[in-house]
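Encoded as structure tokens, the structure appears first; notes follow it.
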Amino acid sequence: MSTTLSDRLRELIEPLVSSQELDLEEVTVTPAGKRRVLRVVVDSDDGVQLDTCADLSRTVSARLDETDLMGESEYVLEVTSPGADRPLSEYRHFVRATGRLVKFHLTPDAGAEELVARIEAVDEEGLDLEVPGVKGRKPKQRRLPLKDVARARVEIEFNRKNASADRTQNEEEA
């Protein structure tokens with residue numbers, strides 16, 4: 001049974017990533033001129049610090065030097081965290097996006113519509129969402145089964161008030 005280079009690299013790198021209590025999200029090898037770029041994307045529930053990426057990069061580099069997996073040609077190793085625009089595809093991605101505004105593309109069975117909503121809670125079956133009100137209307141609650149999500153991506157918010165400010169304002173109005 002033949003495995004791809006990315007699969008073999010994943011097998012080599014995953015224990016190193018797990019030992020630092022991180023999740024291995026992606027391993028890719030892409031050509032870049034005369035050399036290749038090996039990109040290792042990691043994440044955790046608490047995010048990933050730059051120092052953690054640097055430590056992991058040194059560990060992965062040392063382990064790769066012990067093998068001939070990358071061959072003799074030059075390569076650049078990049079260890080990074082996923083960008084804000086990373087698709088949400090795993091259960092843990094939705095958990096980590098709790099409190100965030102997300103753009104959902106629903107499956108044809110669910111109406112194949114687009115939906116923008118804030119994730120309030122996540123469980124094995126689905127998502128509890130707050131759909132923003134339109135034109136001054138109050139937000140609505142909605143339950144979205146995970147099986148109805150075709151694609152999802154966090155929406156970047158530049159002007160969002162923090163949750164504690166929202167709570168304080170709501171308490172003052174009550």
Side-chain angles (χ1 to χ4, degrees), residues 1-30 37-50 52-53 56 60 78-167 169-170:
M1 181 173 140
S2 174
T3 58
T4 65
L5 176 59
S6 290
D7 290 339
R8 292 189 310 262
L9 286 166
R10 181 177 277 281
E11 287 176 17
L12 178 80
I13 295 169
E14 196 149 28
L16 304 173
V17 171
S18 295
S19 72
Q20 294 202 18
E21 299 180 5
L22 299 170
D23 295 315
L24 181 58
E25 296 291 343
E26 186 178 350
V27 175
T28 58
V29 180
T30 54
V37 175
L38 168 56
R39 182 169 291 117
V40 177
V41 181
V42 297
D43 201 5
S44 80
D45 290 343
D46 300 322
V48 181
Q49 300 297 316
L50 185 58
T52 304
C53 285
L56 184 59
V60 169
E78 291 181 3
V79 176
T80 186
S81 62
D85 63 344
R86 169 253 325 249
L88 306 178
S89 57
E90 303 284 334
Y91 174 78
R92 67 179 178 266
H93 298 163
F94 291 102
V95 171
R96 291 174 184 159
T98 299
R100 307 284 305 268
L101 195 64
V102 175
K103 184 175 192 176
F104 297 93
H105 296 271
L106 305 182
T107 62
D109 292 342
E113 65 183 81
E114 248 182 35
L115 171 67
V116 176
R118 188 168 312 283
I119 297 176
E120 292 190 322
V122 180
D123 61 40
E124 302 291 333
E125 302 300 315
L127 311 165
D128 291 329
L129 305 175
E130 179 183 82
V131 182
V134 180
K135 295 184 181 177
R137 293 189 179 131
K138 290 186 177 189
K140 294 182 181 179
Q141 302 305 117
R142 178 171 176 178
R143 177 77 177 165
L144 179 62
L146 284 171
K147 67 178 182 55
D148 290 349
V149 177
R151 294 187 326 261
R153 195 176 299 269
V154 170
E155 293 282 285
I156 306 300
E157 297 179 89
F158 293 105
N159 297 324
R160 180 174 183 225
K161 296 184 236 176
N162 66 31
S164 63
D166 290 344
R167 279 193 300 273
Q169 182 178 357
N170 291 340

Roughly how far apart are [X] [atom1] and [Y] [atom2], rounded to 0.5 Å?
X    : Y    : atom1 : atom2 : result
L127 : R118 : CG    : CZ    : 14.0 Å
L12  : D7   : CG    : CG    : 12.5 Å
L5   : R10  : CG    : CZ    : 12.5 Å
L56  : L24  : CG    : CG    : 9.0 Å
L22  : C53  : CG    : SG    : 8.0 Å

What's the shortest heavy-atom distance between [X] and [Y], and which atoms?
X    : Y    : answer
F104 : A117 : CE1-O, 4.1 Å
Y91  : D123 : CE1-O, 3.2 Å
V122 : I119 : CG2-CG2, 3.6 Å
P82  : V42  : CD-O, 3.0 Å
A152 : F94  : CB-CE2, 3.9 Å

When you compare the side chain of [Y] with that of [X], does any pair of heavy atoms fall below 4.5 Å?
X    : Y    : value
V41  : T28  : no
D45  : R96  : yes
P132 : L101 : yes
E26  : R39  : no
R92  : E25  : yes
D43  : R86  : yes
L115 : L129 : yes
E130 : K140 : no

Can you tell me if [atom1] on [X] sees more than 12 non-hydrogen neighbours from other groups inside 6.0 Å?
X    : atom1 : answer
R143 : CZ    : yes
Q49  : CD    : no
E21  : CD    : no

For this session: Let me know which of E114, E113, E155 forms a salt bridge (charged side-chain N to carboxylate O under 4.0 Å, His left out) with K103.
Result: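 Of the listed options, the one satisfying the test is E114.
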Problem set entry | Full working for side-chain contact (heavy atoms from CB on, under 4.5 Å) between L106 and L144 | CA-CA 9 Å; L106 305 182; L144 179 62; 3.8 Å; yes
